Amino acid sequence: MRIDIITALPHLVESPLSHSIVGRARAAGLLDVHIHDLRSFGLGRYRQIDDEPYGGGAGMVLKVEPLFDCLKAVMAESPDIPVDEVIYMTPDAQVLTQATVNGLTLKSRLVVIAGHYKGIDQRVRDAVVTMEISIGDYVLSGGELPACVLVDALARLIPGVITDAESALTDSFQDGLLDAPMYTRPASYRGMDVPNVLLSGNHEFIREWRERMRVEKTRRIRPDMLGD
Ligand code: ADE
């Protein structure tokens, strides 16, 4: 999969996508991430990329021309891999779910626009954006961290990226339930003991216990996921 990220703050995106599972996926050639600096498409001597909103109000809006020019340049790179979706990260959108992430893993190429300031000119959203994603009902100072969240969630589902020990299929959300509590050695620490069933070696008992814990935990923490 190829992902092109358009941002005014490339350094903010590069670091989180260079380590751990995403870094490994990139190094192994399983995920091809390209980060594009919107500033290089800025206008005039000062490479202007933002301006005041028409109609007034606080904050600045990312301008239409640098975004269109940058998108055109991005599309011209590797034209053999057509762009499946142009995604704009923004709080005024549907909230990202595991189902959306799963669906996106079927795509070959995504372009992700990380907005900044007060957002981007609506004409970009109307003309080229095919999907808008929020990572939650709170406002961050830009779309860079949300773009990294999206890429991380996607990368770990690409076949070959995570090892069996990290298995993505047993994650919380993959089958509509939160994950069970996990423990590792030692079996007893300062009077806090690992549940006996996990030490029993009886895989059937362990499986049943985990399933029960998942349902109980989901009911307690996220009853909305059970439709309660
Ligand atoms: N940009 C600012 N806040 C955001 C959010 N919650 N989700 C996606 N992009 C954003």
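Start at 1 and go down the list; that is how both ligands and their atoms are numbered. Note that this is a predicted model, so its numbers are computed, not measured.
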Run the salt-bridge test on Asp84 and Arg109 with the 4.0 Å N-O cut-off and return the result as yes or no.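 Between Arg109 and Asp84 there is no salt bridge, as every charged N stays at least 4.0 Å from the carboxylate O atoms.
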
Salt bridge Glu216-Arg222, side-chain N to carboxylate O under 4.0 Å: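 Result for this pair is no, no salt bridge flagged.
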
Distance to 0.1 Å, residue and atom name: give those for the protein heavy atom nearest to [atom].
{"atom": "atom 9 (N) of ligand 1", "value": "Thr90 N, 3.1 Å"}
{"atom": "atom 6 (N) of ligand 1", "value": "Tyr138 O, 2.8 Å"}
{"atom": "atom 10 (C) of ligand 1", "value": "Pro91 CD, 3.5 Å"}
{"atom": "atom 2 (C) of ligand 1", "value": "Leu140 O, 3.3 Å"}

Under 3.5 Å, is there a donor-acceptor pair linking the side chains of Asp4 and His36?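 Present: a donor and an acceptor within the cut-off.
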
Nearest non-hydrogen partners of Tyr88 and Gly119, listed with the distance: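 Distance-wise, the nearest heavy atoms are OH-CA, 3.5 Å.
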
Considering non-hydrogen atoms only, spot the tightest contact between Arg210 and Ala180 and give its length.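 Closest approach of Arg210 to Ala180: O-CB, 3.8 Å.
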
Is it the case that more than 12 heavy atoms not belonging to His19 sit under 6.0 Å from its NE2 atom?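 Check passes, neighbour count above 12.
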
Is Gly142 in contact with ligand 1, taking contact as a heavy-atom separation below 4.0 Å?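 Distance cut 4.0 Å: Gly142 passes for ligand 1.
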
Heavy-atom gap Leu96 to ligand 1 smaller than 4.0 Å: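 No, Leu96 has no heavy atom closer than 4.0 Å to ligand 1.
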
Ligand-side contact atoms (ligand 1) for residue partner Met89, heavy atom cut-off under 4.0 Å: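 Contacts of ligand 1 toward Met89, numbered from 1: 8 (C), 9 (N).
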
Could you list the atoms of ligand 1 found under 4.0 angstrom from a heavy atom of Gly136?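 Listed by number with element: 6 (N).
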
Can you confirm, on distance only, whether ligand 1 has an N/O atom lying under 3.5 Å from any N/O atom belonging to Ile135?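 Min N/O separation from ligand 1 is below 3.5 Å for Ile135.
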
Is the closest N or O pair between Ile133 and ligand 1 shorter than 3.5 Å?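 Min N/O separation from ligand 1 is not below 3.5 Å for Ile133.
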
Evaluate the side-chain contact (heavy atoms from CB on, under 4.5 Å) criterion for residues Cys148 and Glu144: first the C-alpha distance (whole Å), next the side-chain angles of each, then the deciding distance (0.1 Å), finally the verdict. CA-CA 6 Å; Cys148 293; Glu144 282 75 17; 5.7 Å; no

